[in-house]
Undergrad: 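There's a structure below that I have some questions on.
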Amino acid sequence: GILPRQKIGKQVGKVKNIKLKSNTQWDRYVDVLTESAFYPVAVRTVTSDGVPSDWYEVGRVRSGGDITTAVAVAVQRGLIVEHAKRLVPGRVRPKDRVEWGYGDGEGGRSFSVVE
């Protein structure tokens, strides 16, 4: 049989408009951040042979732990690498292959690679 045509732009079913209050969202965000710890963020370049350079610490992120820290770094990796290019010019160049990492927050110099 022939199916009925829907008009373009007409919604099928009802969609509720949810009003978000910015102050409430901000308060929740601030509460989460104040309970979170800082973790150092670093980048390193990798040669075409797969040999990594030393880590260059370029900043910090705030998160609730290993998994959320890896996600925070992964989400912000574009911003992190752009910051690294300005912070350590000549060490991180525009065409370089880069790896991102985060530290344990304890002041150590080892970083976990973010995929």
Side-chain angles (χ1 to χ4, degrees):
I2 298 175
L3 297 174
R5 291 179 46 181
Q6 291 181 338
K7 291 184 180 178
I8 295 176
K10 187 174 181 179
Q11 292 182 351
V12 178
K14 292 184 179 181
V15 176
K16 282 188 175 181
N17 286 334
I18 299 172
K19 294 200 177 208
L20 300 175
K21 296 179 182 179
S22 60
N23 286 345
T24 304
Q25 286 180 317
W26 180 253
D27 291 342
R28 288 182 193 153
Y29 175 71
V30 169
D31 287 345
V32 168
L33 279 185
T34 56
E35 295 169 2
S36 302
F38 283 108
Y39 294 89
V41 176
V43 297
R44 68 181 177 189
T45 57
V46 181
T47 66
S48 58
D49 299 333
V51 178
S53 69
D54 291 332
W55 287 106
Y56 303 110
E57 190 172 332
V58 294
R60 303 179 298 174
V61 293
R62 241 182 154 157
S63 73
D66 268 356
I67 294 172
T68 56
T69 304
V71 170
V73 172
V75 167
Q76 298 296 329
R77 65 182 177 229
L79 182 66
I80 293 167
V81 78
E82 287 301 318
H83 184 63
K85 289 176 191 174
R86 291 184 188 100
L87 200 62
V88 285
R91 306 279 172 121
V92 181
R93 293 181 299 273
K95 300 278 183 176
D96 285 345
R97 189 171 139 221
V98 177
E99 288 183 337
W100 295 263
Y102 64 93
D104 59 10
E106 303 296 322
R109 305 304 312 159
S110 64
F111 293 93
S112 300
V113 175
V114 175
E115 298 297 325

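Predicted model only: the values in this text are computed from it and were never measured.
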Undergrad: Can you list every pair that meets salt bridge (Lys or Arg N to Asp or Glu O under 4.0 Å) and has a residue in residues 67-78, with sequence neighbours left out?
TA: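 Checked against salt bridge (Lys or Arg N to Asp or Glu O under 4.0 Å) - neighbours excluded - no pair reaches residues 67-78.
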Undergrad: Show, in sequence, the C-alpha distance, side-chain angles and deciding distance for W100 and V81, and conclude whether the side chain to side chain contact (heavy atoms under 4.5 Å, CB included) test is met.
TA: CA-CA 8 Å; W100 295 263; V81 78; 3.9 Å; yes
Undergrad: Pairs of donor and acceptor atoms involving the side chains of residues 83-96, under 3.5 Å and at least two apart or interchain, shall be tabulated with distances.
TA:
residue	atom	partner	partner atom	Å
H83	NE2	V58	O	3.2
K85	NZ	E82	OE2	3.1
R93	NH1	G90	O	2.9
D96	OD2	R93	N	2.9

Undergrad: Taking all non-hydrogen atoms of both residues, which atom of S36 and which atom of S63 are closest, and how far apart?
TA: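 Closest heavy-atom pair between S36 and S63: CB-O, 3.3 Å.
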Undergrad: Check the orientation of W55 and F111. Use parallel for under 30°, tilted for 30 to 60°, and perpendicular for over 60°.
TA: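 Tilted.
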Undergrad: Could you grab the distance from atom OH of Y102 to atom OG of S110, nearest 0.5 Å is fine?
TA: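 It comes to 10.5 Å.
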Undergrad: With sequence neighbours left out, write down each residue that passes side chain to side chain donor-acceptor pair (under 3.5 Å) with S53, or none if nothing qualifies.
TA: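 Counting only residues at least two positions away or on another chain, S53 forms a side chain to side chain donor-acceptor pair (under 3.5 Å) with T45.
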Undergrad: If I compare all heavy atoms of V114 with all of A70, which pair ends up nearest, and what's the gap?
TA: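 Between these two residues, the closest heavy atoms are CG1-O, 3.6 Å.
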Undergrad: I need the full list of salt bridge (Lys or Arg N to Asp or Glu O under 4.0 Å) pairs touching residues 38-54, with sequence neighbours left out, sorted by first then second residue.
TA: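 Applying salt bridge (Lys or Arg N to Asp or Glu O under 4.0 Å) to every pair that reaches into residues 38-54, excluding sequence neighbours, yields R44-E99.
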Undergrad: Going from CZ on R62 to OH on Y39, what distance comes out if it is rounded to the nearest 0.5 angstrom?
TA: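 These two atoms lie 11.0 Å from each other.
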